[in-house]
Amino acid sequence: MKQGLSLRVSQHLALTPQLQQSIRLLQLSTLELSQEVEQMLDENPFLDRVDDAAEREAFGLDQADAPVSLGDRLSEGGDGVAADGGASTDSIKEANLSISSSDEGSFGLKNEGASDETPSAAAEDPAAELPDWEGDGSVDMAPDDSEWGGDAPARHSGDGDDTTSAADLAHAHVSLPDHLHRQALGLRVSDEIRAALYALIESLNEDGYLEESLEELAQALMPGDAAQVPDLLVQREELVHHLRVALGLLQHMEPTGVGARHLAECLRLQVQELRNSPAARAALLLCDQPMELLARRDAKKLALLCGVDEALVREALSLIARLEPKPGRRFADVSRQVVVPDVIVTRAGRGFKVQLNPDVMPRLRVHDVYAGALREGRRGTGAAPMQQRLQEARWFIKNIQQRFDTILRVSSAIVERQRNFFMHGELAMRPLVLREIADELGLHESTISRVTTAKYMATPFGTYELKYFFGSSLGTETGGNASSTAVRALIKQLVAGEDPRKPLSDNALSDMLKEQGIECARRTVAKYREGMRIAPASLRKSI
């Protein structure tokens, strides 16, 4: 084998740490971005959060020029008021100094007080463990290094008063166990029954059902193996008896149906609370039948099994349909499921205004004191790791700014393409694919996909994920295209306007769409209907 040297020219794409971070931040949701910011604030000493914008606005030039009343000047005493009633020269100089310091940047105080903290902990890290965040090699403060996100208002918890008002307590969330524990306080029972009742309450699931049997609960509460020790076996039987008595008390609490072991028992408990009527008695008989028959509303078979007239069965089925299958539903903490939009769209004259939600924009800046200390002593030993940390903080701020700029550009393009939706609703949605937005903005489709995932837009019709505005197209008789989102909305509208006694089947919906010029097969209608969680025609039929 002969050895030799040769030159070869090739091209390859290298993902720098800056580019990797930019891609990762782009695909994060609002909650994930908040967690990433908190982690970076803990790790990088050069990154600082801006929380003093509200104070700067409250004590800015406008407030400094406001006239001071005579009573305010007299109440101040002789500290800052001259003999003639005007402000002293020293106080004026101090006021001007504070104004110039607070108005130097758009985010708050630029000249912070000297701190005894030093970035010595970060300097001990070896430079080899840090990613290459070197940009132009400069550590001087750039004009845009100070901070980013100044349009976002400062978050504050209130006026500093720790007391809770009565209105806050009234609107505080009450869970199902808390609601039941409060009712249990009014019962006059023995300590054993009360302990068993508390154990049952804590064993309920979110819907208010008791999933475990009483024997399983007793076994879990007993110490050791009760099956092998006679004394423990007797105690276990007593505990099961206490649980059974406590279960009877629990099932008479509010909400009605709580503590049921299955759906049939939950419905039976609610029917028993109704007034005694022929329909209620028939409903009790229906609760003992298989739930599949009740779901299909098979009145003929149910009437045959219960030995009741078919008309009375239909009346009982109508009564059961008004019951609550999940008693704990109204105690769910729905506030945790609130979606915070990233973009807000509002009407502006004949058009629409697209803007970022300031509440989700982090307010960050490079720490002036630490950056200044590094700039003065950058020639000393151990400055290289600190320079990379400073450059990392700069790139983090710029990547976050680029993330929100990209989201705003994509959202503006979506609003421009789906203008009819923002004017007339989802029935006017037009077909749209990622490639169209990518070509318009000069970005890659993968970038558009990352931007539209887990990002939300608040519109006059509600809050939607950005991916909601993209949909495939269905052919029409005129040769045009209809958006699948608009077809789903049309199916929902047709189902809402149907005769409850004769609901529309999938074939009927397909034929009605064809009458309006939309080619949509029956299987496609069924797929759209199931995606919108609309029951089939047999279950939508009214009795």
Just by distance, no angles: are the side chains of Asn507 and Ser510 close enough, under 3.5 Å, to form a donor-acceptor pair?
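No, because no side-chain N or O of Asn507 sits under 3.5 Å from a partner of the opposite role on Ser510.
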Do you see a donor-acceptor pair shorter than 3.5 Å between the side chains of Gln39 and Gln35?
no
Can you run down the salt bridge (Lys or Arg N to Asp or Glu O under 4.0 Å) pairs that involve residues 342-352, sequence neighbours left out, and say none if there aren't any?
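Checked against salt bridge (Lys or Arg N to Asp or Glu O under 4.0 Å) - neighbours excluded - no pair reaches residues 342-352.
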So if I apply the side-chain contact (heavy atoms from CB on, under 4.5 Å) rule between Ile407 and each of Thr452, Val343, Asn357, which one comes out positive?
Val343
Residue pair [X] / [Y], side-chain heavy-atom distance below 4.5 Å:
X: Arg330; Y: Pro255; answer: yes
X: Gln355; Y: Lys353; answer: yes
X: Glu426; Y: Phe469; answer: no

Please step through ring pair (Phe, Tyr, Trp, His ring centres under 6.0 Å) for the pair Phe421 and Phe461, ending with a clear verdict.
CA-CA 9 Å; Phe421 165 81; Phe461 298 99; 5.7 Å; yes
Looking at His262 versus Tyr209, is the centre-to-centre ring distance below 6.0 Å?
no
Taking the six-membered ring for Trp, are the ring centroids of Tyr464 and Tyr456 within less than 6.0 Å of each other?
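No, the ring of Tyr464 stays outside the 6.0 Å limit from the ring of Tyr456, centre to centre.
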Inspect the surroundings of [atom1] in [X] and state if more than 12 heavy atoms from other residues, nucleotides or ligands are less than 6.0 Å away.
X: Lys467; atom1: NZ; answer: yes
X: Gln20; atom1: CD; answer: yes
X: Glu38; atom1: CD; answer: yes

Could you walk me through whether Glu436 and Arg417 pass salt bridge (Lys or Arg N to Asp or Glu O under 4.0 Å), step by step?
CA-CA 9 Å; Glu436 296 183 38; Arg417 291 297 185 98; 2.6 Å; yes
Report all side-chain donor-acceptor pairs from residues 521-536 shorter than 3.5 Å, counting only partners two or more places apart or in another chain.
from   : atom 1 : to     : atom 2 : distance (Å)
Arg529 : NE     : Asp506 : OD1    : 3.0
Arg529 : NH1    : Ile534 : O      : 3.0
Arg529 : NH2    : Asp506 : OD2    : 3.3

Leu432 vs Ser483, side-chain contact (heavy atoms from CB on, under 4.5 Å): CA-CA, chis, key distance, verdict
CA-CA 8 Å; Leu432 184 63; Ser483 172; over 6 Å; no
Just how far is it from atom CG of Leu490 to atom OG1 of Thr485, taken to the nearest 0.5 Å?
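Answer for the CG-OG1 pair, Leu490 versus Thr485, is 12.5 Å.
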